*Asks:* 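Okay, handing you the structure first.
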2 protein chains.
Amino acid sequence: MSVETHPELTKNQALVFGSLSDAGGPLTAYAILDLLRDSGFRAPLQVYRALDKLVEYGMVHRLESLNAFVACSHKGCSSHGTAAFAICEQCGVVSEFTPDKAMSLLRDWTRSEGFQLSRTTIELRGTCRQCNVPN
Amino acid sequence: MSVETHPELTKNQALVFGSLSDAGGPLTAYAILDLLRDSGFRAPLQVYRALDKLVEYGMVHRLESLNAFVACSHKGCSSHGTAAFAICEQCGVVSEFTPDKAMSLLRDWTRSEGFQLSRTTIELRGTCRQCNVPN
DNA sequence: CTACATACGTAATAACGTAACGCCGGGACG
DNA sequence: CGTCCCGGCGTTACGTTATTACGTATGTAG
């Protein structure tokens, strides 16, 4: 969890990050590719390479259960803890939060097992408040 | 979290579950397909259909970050809480555990958000104790 | 200049997953 | 008994997601 600022983004990285930010929600790599064809993108690898870096920088998260990617919701993407996601299966909205207490318990477990943790995926599927209304 | 016993498995379901149990670790759907060619399997759908049911019965878990499946480690697969997985990136070993306290905190969050939880994915990536030894 | 590292472009292919169709066997029920 | 429905099955074809392999360009350290 570094506090440093990230390297300047390359053109491709900036384009991919822009797509995700504008979308305001998750996009698949191929959806990004389609959005960026007009900007000269031709092949999946251009997207995947940029995504790899953006994920490495912590600016983008991968949603494993969706095979999709989302811009980190923290303005400026400053340092923060492990992110968790609540994914509404009705409307597709994704809420990001940082379950610090739960993570601390999970880390207790890894410590007791001698497991050296490098990355955590927490994804909750269900129905958001909006989609829950009885009407 | 039902306490009932599961329906009798069909032939295909039993074959797929057997593969996963024998493997003692995660397998991809296509790896299972290859293992079962001698038993008459020909197409991915045969595997996926069986896996869908086995996951529904709680006998098999899907590892989202691996696109793979693993037999539930609870003998007899009796009723149990949400499972979490620690995946060693060196040796591939997967440890299943039930992080009840962490889940309870995550449920606190969903409750406060009005989010109706249906399914939870928790996957920890890192290095297991065995692979951590200094030598 | 050379060596090395990083980003990039492109083509091809691998890996993962699903739609659509039809068949079959068994239970419900008139 | 007939027939209706349903779950499981087999097969073909296809769609989606991700990577391998190869070559080019550019920057920087030695």
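A, B, ... follow the sequence lines: proteins, then strands. Residue 1 opens every chain. Computed from a predicted structure; not experimentally measured.
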*Asks:* Tell me whether the OP1 or OP2 atom of C:dA7 has a side-chain N or O from A:K11 closer than 4.0 Å.
*Replies:* no
*Asks:* For B:E56 and D:dG8, what is the distance between atoms CD and P respectively, to the nearest whole Å?
*Replies:* 8 Å
*Asks:* With a 3.5 Å distance limit and no angle check, can you tell me whether A:D100 reaches the backbone of A:G81 through a side-chain donor-acceptor pair?
*Replies:* no
*Asks:* From D:dT19, C:dT10, D:dC9, pick the nucleotide closest to the side chain of B:T10?
*Replies:* D:dC9
*Asks:* In this structure, how many angstroms lie between the P atom of C:dC8 and the OH atom of A:Y48, rounded?
*Replies:* 17 Å
*Asks:* Distance check: side-chain N/O of B:Q46 vs OP1/OP2 of D:dC9, anything under 4.0 Å?
*Replies:* no
*Asks:* Using a distance-only criterion (donor-acceptor N/O pair, under 3.5 Å, no hydrogens), is the base of D:dG7 paired with the side chain of B:R49?
*Replies:* no
*Asks:* Rounded off to whole Å, could you give me the CG-to-P distance for the B:L66 and D:dT19 pair?
*Replies:* 12 Å
*Asks:* Would you kindly give the CG-to-P distance between A:L45 and D:dG23, to the nearest whole Å?
*Replies:* 16 Å
*Asks:* Calculate the interatomic distance between B:L63 atom CG and C:dC16 atom P; express it in whole Å.
*Replies:* 13 Å
*Asks:* Strictly below 4.0 Å, N to O, side chains only: are A:R49 and A:D52 in salt-bridge contact?
*Replies:* no
*Asks:* Between B:N67 and B:Q13, who's closer to the 5' end of DNA chain D by nearest nucleotide?
*Replies:* B:Q13
*Asks:* Please report, rounded to the nearest Å, how far the C1' atom of C:dG9 is from the CG atom of A:N12.
*Replies:* 9 Å
*Asks:* Whole Å only: how far is the CZ atom of A:R37 from the P atom of C:dT10?
*Replies:* 12 Å
*Asks:* Quick one: does B:L35's side chain get under 4.5 Å of B:D22's, heavy atoms only?
*Replies:* no
*Asks:* Give a yes or no on whether a donor-acceptor pair under 3.5 Å exists between the nucleobase atoms of C:dA14, that is its base, and the side chain of B:Y30.
*Replies:* no
*Asks:* Check the surroundings of atom CD in B:E89: do more than 12 heavy atoms from other residues, nucleotides or ligands lie under 6.0 Å from it?
*Replies:* yes
*Asks:* Measure the distance from CG on A:L51 to P on C:dC8 and round it to the nearest whole Å.
*Replies:* 12 Å
*Asks:* Taking NZ, NE, NH1 and NH2 as the nitrogens, is one of them in B:D34 or B:R37 under 4.0 Å from a carboxylate oxygen of the other?
*Replies:* yes
